[in-house]
Amino acid sequence: MSMRDVKVCLLGESGVGKSSIVMRFVADKFKNALESTIGASFMTKTIFVEGNTYKFQIWDTAGQEKYRALAPMYYRGSAAAIIVYDVTRETSFHAVKGWVHELQRHGPSKIVIAIAGNKCDLEDLREVREKDAQEYAHEIGAIFCETSAMTAVNIAELFDAIAKLLPPEDLLGTSNQMGGGSTVNLRNNAAKKKSKCCSGSDTEAASQQPVRRSLSTPRGSSSVTYPS
Amino acid sequence: MGDKTLETEDIPRSVINEDEPINKSLTMLPWDRFSNWIHCACVVTFDLELGQAMELIYPGHIKLTDKEKMNICYLSFPDSNSGCMGDTQFHFRIRQCPGRKPLVRAHSQYNRDCPVTLQLDDAHYYGFVYFRQTKDRSIRRGYFQKSVVLITKLPFIALFNQVISIIAPEYFDNGEPSLEAACHDIDQWPLPVPGDTLNLPIMGSVIQVRLSCRSDKLIGSVPPKYSQTHSIPAHSILPSIHEVDIYSSFLSILPHVQLLWELVLIGEPIVVMASSPTITCNTVQALVNMIAPLKFCSDFRPYFTIHDSEFREYTTKTQAPPPVILGVTNPFFAKTLQHWPHIIRIGEMGPLGSSPKLANKVKKAAALKTLDSNPGVYTRYKSFLTKDKAILKRLMKGSQLKRPVEAQNAILRRHLLELTHSFMIPLERYITSLMPLQRNISPHKGPPKLRPFETEKFIETLEQSGPQLTSGIKGDWEALYRRFFRSPNFEGWYYQRQKEVNQKLQLLHLEALSNANLSEWIADKEEVQIIDLILKIKDKLNFATHNHGLVGKESVSRLQKQLEDIVSTLPDDLQSVIKT
């Protein structure tokens, strides 16, 4: 059995429920009207998936615009990013695309991206169709699910899916990337990847994130979809 | 682990961390955790009209006195002549203005269990500075000059140097929100508990560090091995929380290391002169750390300027120089401190691995006229001990072989540690001989005290069991001890030992009292004597509550039972008086 530290960051507009998702995942609690996050909050949570132990180091970033410039600190070195929007707020879904572009341009090359449409319990107020978001996620090769931090729908499944999609070669923890040198390399890779994306090669992205289909059926109204 | 549930209903969100018991943090207010680590963060800027000025103090509710602010402002910039373009990092130490709140609880608990050399000092603050100076045409002065400073009481030199090197560049790029974010991160840090390995999140990365504790073995200890899984780039492991690169700091004056050890041990006034505060602060810190595990008990200022509020006090010529260690960069000091008995001049740090030009001869202090003088140690002091040439050879060889600095540091540190141990072992042994005998501890008398330290009696023990037993270094050890007895370091050590021994004796006495057959003893006693005993027991129980953790629970409950039994033998009216 291997133990792996996984840095994850949550990105997305203010008020979409990033902190609530983390609180549900880490403490299985929900609180109405959490105060807004300053800078970022740090939390850890360990889970077991398919015989492996994953210790998530979660950086829950502040959604307010004034902290926007700090985001690179949090996605730098992240193995995964969860971009959250609010299904009842169309604008928050548009903001997702901005984050995806930023990650593709400046984020780590092998970062696993997950898109979460939160507050799916508020069906009456829905502004974003699940199908649209799903299609977009599929297009960019991201994990997708609709979540509800309030009713605990798809929260654990979201993190399970991330754990399953982490590039396996890092699982042994042999790569000791520290210092500036590796950062430069990562940037170069990111640039290469981007150029491939532009040429329309979808298979390239898929091969970087191998799909494993041995997944248990998640509970909740809808399921987590994996990039294909 | 993954399914760990939390029982508390209303969890402050900053403490959601599965690694920690949540309930212990429930009484925490915002900024309580922050204050356990840092007093405040400051931004100091250069104002054309005012000179150095405080631009920002964060968090906003923190108060600094005008004097503290002034000291922080002046000490956060390098002295004018040094022309530090780019980024410069250093630290300073200032006096806290009197009349402040006493140590917070986390700090007194920390002080109780940490090595004495790493205790925090109620009267001083450290300031960790990251200064940036760049050409900027848009500013009237033509330069951007600003410092970010962390003010703290904790002597964690290595940790805070690392932290400020993460925070400050982000601040220069992104302004106040980044400082806010950093302070918020620190407000989530766990308590500084000696012996714990802590994960400290800061701006998207995690610093892992272990806090030393008093029971750590000093010689022959292997640094703890960390598991290999922490290899993600955002996770850095700090090998030590407080140590500076002592080898590189002393590189140009290596042949005099042992002489310097003597000077620091006996608390002589020393000034370190160099062109940059980075060099002076590392050298001063290296000097102070030289005599570990003995605590350096005088004042020291890793970086000291002419604007410091203690400038007059420390540079006066009407009195002998105070027993302090100062680091200075302003050429003005070459003159002001000309009368100081021991001056260390450090040149620029050479590129790594280049063989240093060694200042082999000790120079007369009078030879030092300006700051441009050659690196070296300027003193008339004659060492009491003969120089250990073997260690020097070993280090020189290592430098030729390009041995890593960490290894050179380990060799030098170990050598100094053994030297200090050889010096202290006879003193520790003598102190033990001053302990009263176990059989002198009687439940019916007060607790015995440590017998007084008599220097001549101690000197007599040297022939039989002096430092020659553990050290090959020859010389006049006796004279060195006599000088040491006049130093604040001896005073501090003796006070600490007295405190520890008397506490231990209190404990043994409490133990004896709880085991004694008191009901039999009071049978033929006057009421007055019984009341006296009751008060004595209450006093002991009071001691136990103040030192809980040290006193065994069984002894305390036994003693409590004893107290109840005795009180119940008294007449009713007296009982009610005693219970109130």
Side-chain angles (χ1 to χ4, degrees), chain A residues 2-7 9 19 22-23 25-29 31 34-35 37-49 53-55 57-62 64-79 108 156 170 172-179 182-183 186, chain B residues 1-20 22 30-31 34 58-59 166-167 169-171 173-190 199-208 227-237:
Chain A
S2 73
M3 159 83 174
R4 179 169 181 186
D5 275 323
V6 184
K7 179 179 172 182
C9 64
S19 301
V22 175
M23 194 178 211
F25 176 57
V26 174
D28 200 19
K29 296 272 170 199
K31 208 172 129 185
L34 275 176
E35 64 273 37
T37 305
I38 301 166
S41 286
F42 176 76
M43 275 144 265
T44 61
K45 167 94 174 176
T46 306
I47 62 166
F48 306 98
V49 178
T53 310
Y54 299 85
K55 182 169 185 176
Q57 302 187 342
I58 306 162
W59 288 92
D60 166 28
T61 69
Q64 282 171 286
E65 191 52 37
K66 68 166 175 168
Y67 299 111
R68 172 82 196 214
L70 306 184
M73 295 192 303
Y74 303 109
Y75 61 69
R76 196 183 296 149
S78 281
D170 286 354
L172 303 168
T174 42
S175 57
N176 202 351
Q177 319 160 312
M178 285 181 93
S182 65
T183 316
L186 291 174
Chain B
M1 237 160 117
D3 299 315
K4 193 180 253 178
T5 52
L6 301 164
E7 263 116 60
T8 22
E9 203 40 61
D10 198 10
I11 308 155
R13 45 201 302 232
S14 58
V15 295
I16 307 174
N17 190 330
E18 59 172 357
D19 292 342
E20 278 174 73
I22 295 287
W31 300 116
F34 178 83
Y58 201 89
I166 295 171
I167 296 177
E170 285 293 339
Y171 172 78
D173 289 349
N174 296 315
E176 205 177 324
S178 65
L179 203 55
E180 213 184 318
C183 292
H184 180 73
D185 285 341
I186 295 168
D187 197 32
Q188 302 180 61
W189 287 9
N199 288 309
L200 309 174
I202 183 83
M203 304 193 110
S205 58
V206 178
I207 302 172
Q208 189 177 71
S227 62
Q228 293 296 303
T229 50
H230 299 300
S231 54
I232 57 171
H235 202 124
S236 63
I237 294 165

What heavy-atom pair brings [X] and [Y] nearest, and what distance separates the two atoms?
X      : Y      : answer
B:G204 : A:W59  : N-CH2, 3.3 Å
A:L70  : B:A181 : CD1-CB, 3.7 Å
A:A40  : B:D185 : O-OD1, 3.4 Å

Item checked: B:E180 portion near chain A, given a 4.5 angstrom heavy-atom threshold -> both
Note to self: Please classify the contact between B:I202 and chain A as side chain, backbone, both or neither, with a heavy-atom cut-off of under 4.5 Å.
What the structure shows: backbone
Margin query: Nearest 0.5 angstrom please: A:F42 CZ to B:H184 NE2, how far?
Written below: 12.5 Å
Checklist line | B:I166 side, atom CD1; A:M73 side, atom CE - distance, nearest 0.5 Å | finding: 10.0 Å
Margin query: Given 3.5 Å as the limit, does a donor-acceptor pair link the side chain of A:K66 with the main chain of B:E176, or not?
Written below: no
Next item on the list: Return the set of residues passing ring pair (Phe, Tyr, Trp, His ring centres under 6.0 Å) with A:Y67 (not counting sequence neighbours), or none when no residue passes.
Entry: none
